[in-house]
Amino acid sequence: MDFATRIATWQQRHGRHDLPWQNTRDPYRIWLSEIMLQQTQVSTVIPYYQRFLERFPDLHALAGAEQEDVMPYWAGLGYYARARNLHRCAREIVSDWGGRFPPDAAAIATLPGIGRSTAAAIAAFAYGERSPIMDGNVKRVFARHFGIEGDPTRRETEIRLWDLADAQLAGGAGHEVDMGAYTQGLMDLGATLCVRSKPLCDRCPVSETCIARRDGRQAELPTPRVRKASPERSTGMLVLQHRDRVLLQQRPSPGIWGGLWSLPEFDPTLDAASACRELGATPDTVYELAAFAHTFTHFRLHVRPWYVIVAQAPDLDGKPWQWVDAAGLAAVALPAPVRKLVDGLFAADLAALAPRS
(Lines give C-alpha, C1' and ligand atoms only; values in the text may rest on other atoms or scores of the structure.)
Protein backbone atom coordinates (compact mmCIF):
# COMPACT_ATOMS: atom_id res chain seq x y z
CA MET A 1 0.00 0.00 0.00
CA ASP A 2 1.13 3.57 -0.66
CA PHE A 3 1.78 6.13 2.10
CA ALA A 4 -1.66 7.79 2.02
CA THR A 5 -3.57 4.50 2.03
CA ARG A 6 -1.57 3.15 4.97
CA ILE A 7 -2.27 6.32 6.96
CA ALA A 8 -6.00 6.27 6.14
CA THR A 9 -6.34 2.55 6.91
CA TRP A 10 -4.55 2.97 10.25
CA GLN A 11 -6.77 5.92 11.18
CA GLN A 12 -9.95 3.98 10.45
CA ARG A 13 -8.81 1.19 12.78
CA HIS A 14 -6.75 2.93 15.45
CA GLY A 15 -7.23 6.69 15.16
CA ARG A 16 -9.39 9.07 17.17
CA HIS A 17 -13.11 8.86 16.39
CA ASP A 18 -14.89 10.36 19.39
CA LEU A 19 -13.82 14.01 19.35
CA PRO A 20 -16.83 16.35 19.44
CA TRP A 21 -16.08 17.87 16.02
CA GLN A 22 -15.80 14.52 14.26
CA ASN A 23 -18.55 12.61 12.47
CA THR A 24 -19.95 15.78 10.89
CA ARG A 25 -19.80 17.39 7.46
CA ASP A 26 -20.89 20.77 8.80
CA PRO A 27 -18.13 23.18 7.65
CA TYR A 28 -18.99 25.64 10.43
CA ARG A 29 -18.25 23.12 13.18
CA ILE A 30 -15.19 21.80 11.37
CA TRP A 31 -13.86 25.33 10.81
CA LEU A 32 -14.41 26.27 14.46
CA SER A 33 -12.48 23.20 15.66
CA GLU A 34 -9.60 23.79 13.23
CA ILE A 35 -9.19 27.41 14.37
CA MET A 36 -9.36 26.48 18.07
CA LEU A 37 -6.86 23.64 17.61
CA GLN A 38 -4.18 25.93 16.17
CA GLN A 39 -1.28 25.80 18.66
CA THR A 40 -3.68 24.46 21.32
CA GLN A 41 -4.05 20.94 22.74
CA VAL A 42 -7.19 18.89 22.11
CA SER A 43 -7.92 18.49 25.83
CA THR A 44 -7.87 22.27 26.27
CA VAL A 45 -10.06 22.92 23.23
CA ILE A 46 -12.93 20.49 23.96
CA PRO A 47 -14.73 22.49 26.71
CA TYR A 48 -14.24 25.78 24.82
CA TYR A 49 -15.61 24.22 21.64
CA GLN A 50 -18.69 22.92 23.40
CA ARG A 51 -19.38 26.22 25.19
CA PHE A 52 -18.87 28.22 22.02
CA LEU A 53 -21.37 26.10 20.09
CA GLU A 54 -23.95 26.39 22.85
CA ARG A 55 -23.82 30.18 22.48
CA PHE A 56 -23.17 30.37 18.70
CA PRO A 57 -24.69 27.17 17.23
CA ASP A 58 -24.31 28.21 13.59
CA LEU A 59 -22.64 30.68 11.27
CA HIS A 60 -25.50 33.19 11.36
CA ALA A 61 -25.54 33.26 15.16
CA LEU A 62 -21.83 34.10 15.20
CA ALA A 63 -22.08 36.68 12.42
CA GLY A 64 -25.01 38.38 14.14
CA ALA A 65 -23.16 38.81 17.44
CA GLU A 66 -20.94 41.73 18.39
CA GLN A 67 -17.24 41.08 18.94
CA GLU A 68 -17.52 41.89 22.65
CA ASP A 69 -20.15 39.12 22.90
CA VAL A 70 -17.76 36.64 21.28
CA MET A 71 -14.59 37.32 23.28
CA PRO A 72 -15.83 35.93 26.65
CA TYR A 73 -16.22 32.53 24.98
CA TRP A 74 -12.57 32.64 23.90
CA ALA A 75 -11.05 34.15 27.04
CA GLY A 76 -8.31 31.88 28.39
CA LEU A 77 -7.79 30.04 25.09
CA GLY A 78 -5.08 32.47 23.98
CA TYR A 79 -4.00 33.76 20.56
CA TYR A 80 -6.96 36.13 20.56
CA ALA A 81 -6.51 37.24 16.96
CA ARG A 82 -8.05 33.86 16.13
CA ALA A 83 -11.33 34.88 17.77
CA ARG A 84 -11.37 38.28 16.08
CA ASN A 85 -10.70 36.68 12.69
CA LEU A 86 -13.34 34.03 13.36
CA HIS A 87 -15.93 36.74 13.89
CA ARG A 88 -14.79 38.73 10.84
CA CYS A 89 -14.83 35.55 8.80
CA ALA A 90 -18.42 34.70 9.78
CA ARG A 91 -19.60 38.15 8.74
CA GLU A 92 -17.70 37.94 5.47
CA ILE A 93 -19.28 34.59 4.63
CA VAL A 94 -22.73 36.05 5.28
CA SER A 95 -22.07 39.21 3.27
CA ASP A 96 -19.97 37.80 0.40
CA TRP A 97 -21.02 34.14 0.18
CA GLY A 98 -24.73 34.36 0.93
CA GLY A 99 -24.27 32.71 4.32
CA ARG A 100 -22.94 29.48 2.78
CA PHE A 101 -19.41 28.32 3.54
CA PRO A 102 -17.10 28.55 0.48
CA PRO A 103 -17.13 25.29 -1.52
CA ASP A 104 -13.41 24.49 -1.85
CA ALA A 105 -10.02 24.97 -0.21
CA ALA A 106 -8.87 27.73 -2.57
CA ALA A 107 -11.91 29.87 -1.74
CA ILE A 108 -11.77 29.06 1.98
CA ALA A 109 -8.13 30.21 2.09
CA THR A 110 -9.20 33.74 1.05
CA LEU A 111 -11.09 34.22 4.33
CA PRO A 112 -9.55 36.08 7.32
CA GLY A 113 -7.29 33.97 9.51
CA ILE A 114 -7.39 30.84 7.34
CA GLY A 115 -4.19 29.61 5.74
CA ARG A 116 -3.56 26.91 3.15
CA SER A 117 -3.38 23.97 5.58
CA THR A 118 -6.46 24.94 7.59
CA ALA A 119 -8.44 25.54 4.39
CA ALA A 120 -7.42 22.12 3.08
CA ALA A 121 -8.42 20.40 6.33
CA ILE A 122 -11.85 22.04 6.30
CA ALA A 123 -12.38 21.11 2.64
CA ALA A 124 -11.22 17.53 3.23
CA PHE A 125 -13.52 16.94 6.21
CA ALA A 126 -16.54 18.86 4.89
CA TYR A 127 -16.35 18.10 1.15
CA GLY A 128 -13.88 15.23 0.75
CA GLU A 129 -11.60 17.48 -1.32
CA ARG A 130 -8.17 16.10 -2.22
CA SER A 131 -6.00 18.85 -0.72
CA PRO A 132 -2.95 18.11 1.46
CA ILE A 133 -2.42 19.62 4.92
CA MET A 134 0.83 20.66 6.57
CA ASP A 135 0.51 21.79 10.20
CA GLY A 136 3.23 21.50 12.85
CA ASN A 137 2.55 17.85 13.71
CA VAL A 138 2.30 16.84 10.06
CA LYS A 139 5.59 18.58 9.26
CA ARG A 140 7.22 16.34 11.86
CA VAL A 141 5.70 13.20 10.29
CA PHE A 142 6.86 14.17 6.78
CA ALA A 143 10.32 15.36 7.86
CA ARG A 144 11.00 12.08 9.65
CA HIS A 145 9.41 9.73 7.13
CA PHE A 146 11.03 11.29 4.07
CA GLY A 147 14.28 12.37 5.78
CA ILE A 148 13.85 16.09 5.12
CA GLU A 149 16.48 18.24 6.78
CA GLY A 150 16.25 21.96 7.46
CA ASP A 151 14.15 24.13 9.75
CA PRO A 152 10.53 23.26 8.76
CA THR A 153 9.45 26.85 9.38
CA ARG A 154 11.83 28.18 6.70
CA ARG A 155 10.35 28.73 3.25
CA GLU A 156 12.67 26.43 1.31
CA THR A 157 11.99 23.51 3.69
CA GLU A 158 8.25 24.20 3.69
CA ILE A 159 8.19 24.09 -0.11
CA ARG A 160 9.84 20.64 -0.09
CA LEU A 161 7.34 19.38 2.49
CA TRP A 162 4.36 20.74 0.54
CA ASP A 163 5.68 19.14 -2.67
CA LEU A 164 5.89 15.80 -0.88
CA ALA A 165 2.39 16.24 0.52
CA ASP A 166 1.04 16.95 -2.98
CA ALA A 167 2.86 13.90 -4.34
CA GLN A 168 1.14 11.54 -1.90
CA LEU A 169 -2.23 12.40 -3.45
CA ALA A 170 -1.14 12.34 -7.07
CA GLY A 171 -2.04 9.33 -9.21
CA GLY A 172 -2.27 5.62 -8.43
CA ALA A 173 -3.95 4.45 -5.26
CA GLY A 174 -3.88 8.00 -3.93
CA HIS A 175 -6.98 8.69 -6.02
CA GLU A 176 -8.96 6.16 -4.00
CA VAL A 177 -7.93 7.26 -0.50
CA ASP A 178 -10.60 8.43 1.96
CA MET A 179 -9.55 12.07 2.38
CA GLY A 180 -11.24 12.48 5.76
CA ALA A 181 -9.45 9.41 7.15
CA TYR A 182 -6.13 10.38 5.57
CA THR A 183 -6.25 13.96 6.84
CA GLN A 184 -7.34 12.92 10.33
CA GLY A 185 -4.78 10.11 10.24
CA LEU A 186 -1.92 12.52 9.66
CA MET A 187 -3.13 14.64 12.57
CA ASP A 188 -3.58 11.59 14.82
CA LEU A 189 -0.20 10.14 13.89
CA GLY A 190 1.62 13.39 14.72
CA ALA A 191 -0.31 13.88 17.95
CA THR A 192 -0.18 10.35 19.37
CA LEU A 193 2.69 8.31 17.86
CA CYS A 194 5.16 10.49 15.94
CA VAL A 195 5.52 12.82 18.90
CA ARG A 196 8.40 15.22 19.50
CA SER A 197 10.30 13.03 21.98
CA LYS A 198 10.22 9.25 22.28
CA PRO A 199 8.05 8.50 19.21
CA LEU A 200 6.23 5.17 19.29
CA CYS A 201 7.74 3.87 16.05
CA ASP A 202 6.77 0.23 16.69
CA ARG A 203 3.08 1.22 16.36
CA CYS A 204 3.47 3.52 13.35
CA PRO A 205 1.72 2.40 10.12
CA VAL A 206 4.51 3.81 7.90
CA SER A 207 7.53 2.85 10.03
CA GLU A 208 8.83 0.34 7.45
CA THR A 209 9.54 3.15 4.96
CA CYS A 210 10.51 5.84 7.50
CA ILE A 211 14.01 7.20 6.85
CA ALA A 212 14.40 8.62 10.37
CA ARG A 213 13.66 5.24 11.91
CA ARG A 214 15.90 3.41 9.44
CA ASP A 215 18.82 5.71 10.24
CA GLY A 216 18.06 6.21 13.95
CA ARG A 217 17.53 9.94 13.48
CA GLN A 218 14.17 10.41 15.17
CA ALA A 219 15.71 12.85 17.68
CA GLU A 220 17.39 14.87 14.90
CA LEU A 221 14.41 15.29 12.60
CA PRO A 222 12.76 17.61 12.05
CA THR A 223 15.77 19.92 12.30
CA PRO A 224 15.41 21.97 15.50
CA ARG A 225 14.55 25.60 15.00
CA VAL A 226 17.19 28.13 16.00
CA ARG A 227 15.36 30.11 18.66
CA LYS A 228 16.15 33.74 19.32
CA ALA A 229 16.03 35.03 22.85
CA SER A 230 12.58 36.44 23.58
CA PRO A 231 12.48 40.16 24.39
CA GLU A 232 11.61 40.96 28.00
CA ARG A 233 8.95 43.53 28.86
CA SER A 234 7.60 44.76 32.18
CA THR A 235 4.36 46.34 33.35
CA GLY A 236 2.55 47.18 36.54
CA MET A 237 -1.05 46.10 37.13
CA LEU A 238 -3.63 47.45 39.55
CA VAL A 239 -6.40 45.46 41.13
CA LEU A 240 -8.29 48.61 42.10
CA GLN A 241 -11.28 47.91 44.33
CA HIS A 242 -14.00 50.23 45.58
CA ARG A 243 -16.48 48.50 47.87
CA ASP A 244 -17.44 45.32 45.97
CA ARG A 245 -16.35 46.58 42.54
CA VAL A 246 -13.11 46.18 40.60
CA LEU A 247 -11.92 48.51 37.84
CA LEU A 248 -11.26 46.94 34.41
CA GLN A 249 -9.92 48.39 31.19
CA GLN A 250 -10.75 47.05 27.72
CA ARG A 251 -7.69 46.29 25.65
CA PRO A 252 -7.53 47.96 22.23
CA SER A 253 -8.04 45.82 19.15
CA PRO A 254 -5.92 44.75 17.39
CA GLY A 255 -3.16 44.07 19.88
CA ILE A 256 -2.20 41.73 22.70
CA TRP A 257 -5.43 40.64 24.44
CA GLY A 258 -7.30 42.92 22.01
CA GLY A 259 -11.01 43.13 22.84
CA LEU A 260 -10.61 41.53 26.27
CA TRP A 261 -11.01 43.26 29.61
CA SER A 262 -7.91 43.49 31.77
CA LEU A 263 -6.55 45.30 34.80
CA PRO A 264 -5.27 48.87 34.49
CA GLU A 265 -1.57 48.88 33.60
CA PHE A 266 1.08 51.42 34.52
CA ASP A 267 4.80 52.10 34.35
CA PRO A 268 6.37 49.42 36.60
CA THR A 269 8.91 51.92 37.93
CA LEU A 270 6.07 53.81 39.62
CA ASP A 271 4.63 52.84 42.97
CA ALA A 272 0.96 51.94 43.33
CA ALA A 273 0.03 55.27 44.92
CA SER A 274 1.42 57.18 41.93
CA ALA A 275 -0.39 54.88 39.53
CA CYS A 276 -3.64 55.48 41.41
CA ARG A 277 -3.18 59.23 41.26
CA GLU A 278 -2.89 58.98 37.47
CA LEU A 279 -6.37 57.48 37.51
CA GLY A 280 -7.69 60.12 39.86
CA ALA A 281 -7.89 57.71 42.81
CA THR A 282 -6.55 58.07 46.33
CA PRO A 283 -5.46 54.73 47.81
CA ASP A 284 -6.77 53.74 51.20
CA THR A 285 -5.01 50.38 51.66
CA VAL A 286 -2.25 49.03 49.39
CA TYR A 287 -1.03 45.44 49.13
CA GLU A 288 1.93 44.37 47.00
CA LEU A 289 1.17 41.03 45.35
CA ALA A 290 3.60 38.41 44.08
CA ALA A 291 5.16 39.32 40.74
CA PHE A 292 4.76 36.85 37.89
CA ALA A 293 5.72 36.40 34.24
CA HIS A 294 3.69 35.38 31.20
CA THR A 295 5.23 34.15 27.95
CA PHE A 296 3.73 35.20 24.63
CA THR A 297 4.82 33.96 21.20
CA HIS A 298 7.29 36.80 20.67
CA PHE A 299 8.11 38.15 24.12
CA ARG A 300 7.97 37.52 27.86
CA LEU A 301 5.96 39.90 30.03
CA HIS A 302 6.91 40.50 33.68
CA VAL A 303 4.01 41.77 35.76
CA ARG A 304 4.25 43.63 39.05
CA PRO A 305 0.72 43.58 40.51
CA TRP A 306 -0.77 45.65 43.35
CA TYR A 307 -4.09 45.31 45.14
CA VAL A 308 -5.43 48.71 46.13
CA ILE A 309 -8.61 49.55 48.04
CA VAL A 310 -9.97 53.06 47.57
CA ALA A 311 -12.58 54.78 49.70
CA GLN A 312 -13.89 56.81 46.77
CA ALA A 313 -14.11 55.57 43.21
CA PRO A 314 -12.73 57.75 40.41
CA ASP A 315 -15.31 58.55 37.75
CA LEU A 316 -14.07 56.20 35.02
CA ASP A 317 -17.15 54.10 34.26
CA GLY A 318 -17.65 54.00 30.49
CA LYS A 319 -15.63 52.72 27.55
CA PRO A 320 -12.87 51.63 27.75
CA TRP A 321 -13.30 51.54 31.55
CA GLN A 322 -15.77 49.50 33.55
CA TRP A 323 -16.44 48.92 37.22
CA VAL A 324 -17.43 45.27 37.70
CA ASP A 325 -18.79 43.54 40.79
CA ALA A 326 -16.08 41.26 42.13
CA ALA A 327 -18.63 38.44 42.28
CA GLY A 328 -19.27 38.91 38.56
CA LEU A 329 -15.67 38.69 37.38
CA ALA A 330 -16.14 35.04 36.43
CA ALA A 331 -18.40 36.13 33.56
CA VAL A 332 -15.95 38.70 32.16
CA ALA A 333 -13.57 37.96 29.28
CA LEU A 334 -10.20 38.21 31.03
CA PRO A 335 -6.81 37.04 29.68
CA ALA A 336 -5.66 33.80 31.31
CA PRO A 337 -2.89 35.30 33.51
CA VAL A 338 -5.20 38.10 34.68
CA ARG A 339 -7.93 35.55 35.41
CA LYS A 340 -5.47 33.53 37.50
CA LEU A 341 -4.42 36.65 39.38
CA VAL A 342 -7.90 37.87 40.32
CA ASP A 343 -9.27 34.40 41.02
CA GLY A 344 -6.35 33.70 43.34
CA LEU A 345 -6.66 37.07 45.02
CA PHE A 346 -10.36 36.88 45.83
CA ALA A 347 -10.08 33.28 46.94
CA ALA A 348 -7.24 34.18 49.32
CA ASP A 349 -7.38 35.19 52.94
CA LEU A 350 -6.76 38.92 52.51
CA ALA A 351 -5.94 39.22 56.18
CA ALA A 352 -2.75 37.30 55.44
CA LEU A 353 -1.58 40.02 53.05
CA ALA A 354 0.76 42.64 54.42
CA PRO A 355 -0.44 46.19 53.61
CA ARG A 356 2.04 48.69 52.20
CA SER A 357 1.70 52.30 53.16
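Side chains included, hydrogens not; waters and symmetry mates left out as well; all remaining heavy atoms used.
- Side chains of Met134 and Phe142 form a contact here, defined as non-hydrogen atoms less than 4.5 Å apart.
- Applying the 6.0 Å contact sphere to CD of Glu232 captures more than 12 heavy atoms from other residues, nucleotides or ligands.
- If you take CG on Leu186 and OG1 on Thr183, they are separated by 6.5 Å, rounding to the nearest 0.5 Å.
- From Leu193, atom CG reaches atom NE2 of His14 across 9.5 Å, with rounding to the nearest 0.5 Å.
- Aromatic ring orientation, Phe296 versus Phe299: parallel (interplanar angle below 30°, classes split at 30° and 60°).
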- Task: Let me see the working for Tyr127 and Phe101 under ring-ring contact (aromatic ring centres under 6.0 Å, His included), right down to the final yes or no.
- Result: CA-CA 11 Å; Tyr127 310 132; Phe101 216 86; 7.5 Å; no
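- A salt bridge does not link Arg144 with Glu220: every distance from a Lys NZ or Arg NE/NH1/NH2 to an Asp or Glu carboxylate oxygen is 4.0 Å or more.
- Distance check: Met187 CE to Gln11 CD gives 10.5 Å after rounding to the nearest 0.5 Å.
- For the pair Tyr73 (side chain) and Asp69 (backbone), a donor-acceptor distance under 3.5 Å is absent.
- Residues Arg82 and Asn85 have side chains that never bring a donor and an acceptor to within less than 3.5 angstrom of each other.
- A single hydrophobic cluster is not seen to contain both Leu301 and Tyr79; linkage of ILVMFWY side chains at heavy-atom distances under 4.5 Å, directly or through other members, places them apart.
- Under the 4.5 Å side-chain criterion, counting only non-hydrogen atoms from C-beta, Ile30 is not in contact with Trp21.
- Under the 3.5 Å distance criterion, the side-chain polar atoms of Gln22 are matched with a main-chain donor or acceptor of Asp18.
- Pro337 is not listed as a side-chain neighbour of Val303, based on a closest heavy-atom distance of 4.5 Å or more.
- The existence of a salt bridge linking Lys139 and Glu158 is confirmed by a sub-4.0 Å separation between a basic side-chain nitrogen and an acidic carboxylate oxygen.
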- Message: Go through it in stages, so that I can follow the logic: the residues are Leu279 and Phe266, the test is side chain to side chain contact (heavy atoms under 4.5 Å, CB included), and I'd like the CA-CA distance, side-chain angles, deciding distance and then a yes or no.
- Response: CA-CA 10 Å; Leu279 295 173; Phe266 62 95; over 6 Å; no
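- The line from NE2 of His242 to CG of Leu316 is 12.0 Å long, rounded to the nearest 0.5 Å.
- In this structure, the side chains of Thr235 and Arg304 stay at 4.5 Å or more apart for every pair of heavy atoms.
- No continuous path of hydrophobic side-chain contacts links Val195 to Val45 [ILVMFWY only; heavy atoms under 4.5 Å].
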- Task: I would like to know whether Arg251 and Glu265 meet salt bridge (charged side-chain N to carboxylate O under 4.0 Å, His left out); could you show each step before the answer?
- Result: CA-CA 10 Å; Arg251 302 282 300 194; Glu265 294 189 27; 2.6 Å; yes
- Working for side chain to side chain contact (heavy atoms under 4.5 Å, CB included), residues Cys276 and Thr282: CA-CA 6 Å; Cys276 286; Thr282 301; over 6 Å; no
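- With Tyr307 as the partner, the side-chain contact (heavy atoms from CB on, under 4.5 Å) test is satisfied by one option alone out of Val239, Val286, Val342: Val239.
- Around atom CG of Asp166, more than 12 heavy atoms belonging to other residues, nucleotides or ligands sit under 6.0 Å away.
- The shortest distance between side-chain heavy atoms of Val70 and Leu86 does not fall below 4.5 Å.
- When the side chains of ILVMFWY residues are joined at heavy-atom separations under 4.5 Å, either directly or via intervening members, Met1 and Val141 end up in two distinct hydrophobic clusters.
- Neither side chain, Arg214 nor Thr209, offers a donor N or O lying under 3.5 Å from an acceptor on the other.
- A donor-acceptor contact under 3.5 angstrom links the side chains of Gln38 and Thr118, judged on distance only.
- The side-chain heavy atoms of Phe346 and Leu329, taken from C-beta on, include a pair separated by under 4.5 Å.
- The pair Arg16-Asp188 meets the salt-bridge criterion, since a charged nitrogen lies less than 4.0 angstrom from a carboxylate oxygen.
- Within the 4.5 Å cutoff, no side-chain heavy atoms of Leu248 are placed close to those of Ser262.
- In this structure, Arg116 satisfies the cation-pi test against Trp162, with its NZ or CZ atom closer than 6.0 Å to the six-membered ring centre and inside 45 degrees of the ring normal.
- Other residues, nucleotides and ligands contribute at most 12 non-hydrogen atoms within 6.0 Å of the CZ atom of Arg29.
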- List the steps, then state whether side chain to side chain contact (heavy atoms under 4.5 Å, CB included) holds for Val94 with Arg91. CA-CA 5 Å; Val94 169; Arg91 291 192 163 181; 5.7 Å; no
Only distances under 3.5 Å count here; give the side-chain donor-acceptor pairs of residues 47-68 to other protein atoms, sequence neighbours excluded, each with its distance to 0.1 Å.
residue: Tyr48; atom: OH; partner: Ala75; partner atom: O; Å: 3.0
residue: Asp58; atom: OD1; partner: His60; partner atom: N; Å: 3.2
residue: Asp58; atom: OD1; partner: Ala61; partner atom: N; Å: 2.8

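- Taking a 6.0 Å sphere around CD of Gln312, one finds it holds 12 or fewer heavy atoms contributed by other residues, nucleotides or ligands.
- Judged purely by atom type and a 3.5 angstrom limit, Asp215 has no side-chain atom pairing as donor or acceptor with the backbone of Arg217.
- With sequence neighbours left out, the side chain to side chain contact (heavy atoms under 4.5 Å, CB included) criterion links Ala293 to Arg300, His302.
- Hydrophobic clustering (side-chain heavy atoms under 4.5 Å, transitive across Ile, Leu, Val, Met, Phe, Trp, Tyr) groups Val308 together with Leu270.
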- Full working for side-chain hydrogen bond (donor to acceptor under 3.5 Å, both in side chains) between Ser274 and Arg277: CA-CA 5 Å; Ser274 299; Arg277 283 194 291 272; 3.2 Å; yes
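- The main-chain N or O of Thr40 is never found under 3.5 Å from a side-chain atom of Thr44 such that the two would form a donor-acceptor pair.
- Inspection of the Arg160 and Thr157 side chains reveals no N or O donor paired with an N or O acceptor under 3.5 Å.
- Cluster membership for Leu189 and Leu221, using ILVMFWY side-chain heavy atoms within less than 4.5 angstrom, is not shared.
- A donor-acceptor pair under 3.5 Å is absent between the side-chain atoms of Asp325 and the main chain of Ala327, judged by distance alone.
- The closest side-chain donor-acceptor pair between Thr24 and Asp26, if any, does not fall under 3.5 angstrom.
- His298 is not listed as a side-chain neighbour of Pro231, based on a closest heavy-atom distance of 4.5 Å or more.
- Distance CD/Gln241 to OG1/Thr285: 10.5 Å, rounded to 0.5 Å.
- For Arg245 (side chain) and Ala326 (main-chain N/O), no donor-acceptor pair under 3.5 Å exists by modelled atom type.
- In this structure, CD1 in Ile7 is found 6.5 Å from OH in Tyr182, a value given to the nearest 0.5 Å.
- Using cut-offs of 30° and 60° on the angle between ring planes, the pair Trp257 and His294 is tilted.
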